[in-house]
Amino acid sequence: MRLYSWNVNGIRAVWNKEALQKFVGEHQPDILCIQETKANETQSPVELEGYEEVWHDGQRKGHFGTAVFTKIEPTSVAKGLPDQLVDKYNLEDDFGDTSKEGRVLTLEFEDFFIVTVYTPNSKRKLERLSLRQDNWDPAFLEYCKSLERDKPVLISGDLNVAHTEIDLARPKDNRRNAGFTDEERSGMDSYLSAGFVDTFRLLHPDTTEAYTWWSAWGNTRARNVGWRIDYWLASESLAGRIVDAQIHADVMGSDHCPVSIEIS
């Protein structure tokens with residue numbers, strides 16, 4: 001089973017460029033998780049034959065949002081985080097209510113859950129860092145661990161953090177920049193300590209210059225000055241079934257590229 005995840009940074013834009021059609025045609029994912037749709041389902045021009053579409057739209061049109069395109073019918077769908085976690089962790093700040101932005105979408109299948117997530121960015125001046133550290137990361141982890149009580153979990157998406165120094169091109173220059181602060185990296189540590197496995201590092205522990213996002217400035221993609229901030233995490237019980245994990249840096253159309261795993 002081939003599972004892909006891609007922050008498209010606007011699904012209408014990537015469709016109008018014909019990048020999404022080309023990608024799906026070449027890779028034929030069984031399940032494709034999308035982040036940052038920037039469109040409601042009713043605004044989407046996407047038509048992929050053979051795929052069921054599941055959307056979680058944000059309340060603010062043109063921003064955020066997640067979707068899953070799947071050839072395998074899910075047994076259940078959940079949109080967002082449970083109300084009790086939203087209330088417990090207070091996921092709203094001056095920039096908005098992250099619980100109403102379509103950031104989390106969960107599909108249940110026979111053997112596992114797939115959760116796709118678009119994690120809030122801490123912002124250039126780190127105005128949202130405390131929300132990330134104290135509220136979002138603990139809430140999302142608690143949610144995924146609650147699912148794991150029923151069956152294993154696969155987490156896909158833009159986690160907006162480069163975990164270690166080999167996960168970005170210039171770690172020394174970015175020590176206190178959003179996406180590579182100690183606080184955000186500690187959030188990723190918490191996921192791994194709780195039993196989730198970084199599937200790319202599972203199979204490629206020492207691979208360098210493997211990035212999934214590049215700034216729009218300075219021709220960084222051509223020079224491969226990037227960050228690895230898009231992931232597939234897996235419950236430990238699934239680790240032995242991960243037979244491949246790839247970053248598809250050649251796929252254009254967004255400032256992110258797709259990431260994939262193959263599960264036996």
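All values derive from a computational prediction rather than experimental measurement. This chain uses plain numbering: 1 for the first residue, then up along the sequence. Computed over heavy atoms, backbone and side chain alike; hydrogens, waters and symmetry mates excluded.
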Original post:
Do the side chain of Thr66 and the main chain of Val117 share a donor and acceptor less than 3.5 angstrom apart?
Top reply: no
Original post:
How about Tyr211 and Asp167: does a side-chain donor come under 3.5 Å of a side-chain acceptor?
Top reply: no
**OP:** Return yes if a side-chain donor-acceptor contact under 3.5 Å exists between Ser130 and Gln133, otherwise no.
**Re:** no
Original post:
So, Thr116 versus Ser156: side-chain donor-acceptor pair below 3.5 Å or not?
Top reply: yes
Subject >> Polar side chain donor-acceptor pair, Gln35 to Asp158, under 3.5 angstrom >> reply: no
Original post:
Should the ring pair His256 and Trp213 be called parallel, tilted or perpendicular, given that the plane angle runs from 0 to 90° and is split at 30 and 60?
Top reply: tilted
Subject >> Least distance between heavy atoms, Val243 atom then Leu203 atom >> reply: C-CD1, 3.9 Å
Original post:
Can you tell me how far the CD atom of Gln43 sits from the OG1 atom of Thr37, to the nearest 0.5 Å?
Top reply: 9.0 Å
**OP:** Please say which of Asp93, Asn135, Thr98, Asp94 ends up in a side chain to side chain donor-acceptor pair (under 3.5 Å) with Arg128.
**Re:** Asp93
Original post:
Are Thr212 and Asp230 close enough that a side-chain donor and a side-chain acceptor fall under 3.5 Å?
Top reply: yes
**OP:** From the options His27, Gln28, Gln246, select the one residue that forms a side chain to side chain donor-acceptor pair (under 3.5 Å) with Tyr4.
**Re:** His27
Original post:
Does any donor atom in the side chain of Tyr89 or Ser99 lie under 3.5 Å from an acceptor atom in the other side chain?
Top reply: no
